[in-house]
Structures are given as structure tokens and as C-alpha cells.
Amino acid sequence: MPRPEDCRFTESHEWACLEGDCVTVGITDFAQDELGDIVYVELPEPGRKVAKGEELGTIESVKAVAEIFAPIDGEVTEVNGALADAPEQVNKDPFGAGWLVKLRPADPAQLEALMDHAAYKRFLETSA
């Protein structure tokens, strides 16, 4: 289970954490809190190739529908199928049971271009 301190972050509030040769992707605690109670998660099929910034899926909450964007280029290797029956896991444990997809990165160096935990915290403070 990734720790926020070990992850990289996007300005659209996705987190990405390299684990072995795959990158696990989810939305941040800030994002799930802003969305409110999550009621549905739509994720891509494994095998789909995505480009950085491309829509990966959507998250529907009682307040809004939000797009999930790919933090890096890669191929979807796994999706969190448990979210189909329990989308509230994104609210309860966004860095654990609420992960969304795993990507095989096309270029792992793209992770370095994303914000680290300290930079993301500063981003949240300055964009509030």
C-alpha cells in the first residue's frame, strides 16, 4: 500500500506510485473530500494504452462527476474491480483499497516531472 510521501501528484489531484514495474494510480484525499460521497467509478479496460493527461475514467459522487486523468503514458494492466461494488472505498482509503488502476509506464522518468508530496501540499495551500 503506497504512502502519500512515496507518491507523485498531478495538479488534477491524481496520485501515482511506482511499485515494482507498475504505477498504481488513485485520487488524492483532497480530491475525494472535495467530491463527497462517491457512488460510482468507471474505469478503463485492462490493455488500454493511455497518454499523459488523457481521460482514464470518471468518478461520480453525490455532488458531481469528475474525470480521472492519466498521470503518465502507459498501458492499463489492472483495474480495481472491487470499486464496482464498493465505490465508497475511494472515500475511506484513497491510498489503499481505493486505488483505481495500475499502469505499465511507457517512460518511468515521467513520474519525476510530477509533484512530490511536499510540492503537492504547497500546491494545495497556494491554490486554496
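Everything numeric here is computed off the predicted structure, so don't read it as measured data.
Rounded to the nearest 0.5 angstrom, Lys121 NZ and Phe9 CZ are separated by 10.0 Å. Annotation: the span from Glu88 atom CD to Asp37 atom CG amounts to 9.5 Å, rounded to 0.5 Å. One distance of note links CD1 of Ile27 with CG of Leu56; it measures 12.5 Å at 0.5 Å rounding. The CZ atom of Arg104 sits 11.0 Å away from the CD atom of Glu78 when rounded to the nearest 0.5 Å. In this structure, CG in Asp107 is found 10.0 Å from NZ in Lys52, a value given to the nearest 0.5 Å. Asn80 contributes atom CG, which lies 10.0 Å from atom OG1 of Thr24 (distance to the nearest 0.5 angstrom).
Val23 approaches Ala16 most closely through the heavy-atom pair CG1-CB, 3.6 Å. Of all non-hydrogen atoms in Pro87 and Ile38, the two that sit nearest each other are O-CG2, 3.8 Å. Closest heavy-atom contact between Glu19 and Pro2: OE2-CD, 3.8 Å. Asp21 approaches Leu18 most closely through the heavy-atom pair C-CD1, 4.4 Å. Listed here is the closest heavy atom pair of Gln32 and Asn91: OE1-ND2, 2.8 Å.
A donor-acceptor pair under 3.5 Å is formed between the side chain of Arg8 and the backbone N or O of Leu114. Not one N or O on the side chain of Trp15 forms a donor-acceptor pair closer than 3.5 Å with the backbone of Asp29. Using modelled atom types, one side-chain atom of Gln110 and one backbone atom of Asp73 make a donor-acceptor pair closer than 3.5 Å. Between the side chain of Glu34 and the main chain of Ala31, no donor-acceptor pair closer than 3.5 Å is present.
In summary, the side chains of Glu67 and Thr58 do not present any donor paired with an acceptor at a separation below 3.5 Å, with no hydrogens or angles considered.
Glu45 CD: 12 or fewer foreign heavy atoms inside a 6.0 Å radius.
With hydrophobic clusters built from ILVMFWY side chains whose heavy atoms lie under 4.5 angstrom apart, Val50 does not share a cluster with Trp99. Hydrophobic clustering, with ILVMFWY side chains joined whenever heavy atoms are under 4.5 angstrom apart, groups Leu83 together with Val101. The cluster map of Ile, Leu, Val, Met, Phe, Trp and Tyr, joined by side-chain heavy atoms under 4.5 Å apart, puts Phe95 and Val90 in different clusters.
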Test side chain to side chain contact (heavy atoms under 4.5 Å, CB included) applied to Glu14 and Thr28, step by step: CA-CA 6 Å; Glu14 288 86 12; Thr28 66; over 6 Å; no
Side chain to side chain contact (heavy atoms under 4.5 Å, CB included) evaluation trace for Leu35 with Ile59: CA-CA 9 Å; Leu35 285 167; Ile59 293 182; 3.9 Å; yes
Derivation of the side chain to side chain contact (heavy atoms under 4.5 Å, CB included) call for Phe123 and Met115: CA-CA 9 Å; Phe123 171 74; Met115 292 180 278; 3.7 Å; yes
Step-by-step side chain to side chain contact (heavy atoms under 4.5 Å, CB included) determination, Phe69 to Thr10: CA-CA 9 Å; Phe69 298 103; Thr10 68; over 6 Å; no
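At a threshold of 4.0 Å, the pair Lys102-Glu75 does not count as salt-bridged, since none of the basic side-chain nitrogens sits closer than that to a carboxylate oxygen.
With contacts defined as side-chain heavy-atom distances shorter than 4.5 Å, the pair Val76/Leu43 does not qualify. Counting heavy atoms from C-beta outward, Leu111 and Pro105 have side chains that stay 4.5 Å or more apart. For the pair Leu100/Val79, no side-chain contact is recorded, criterion being any heavy-atom separation below 4.5 Å from C-beta on.
Between Tyr120 and His13, the ring planes lie perpendicular to each other; the angle is over 60°, past the 30° to 60° tilted range.
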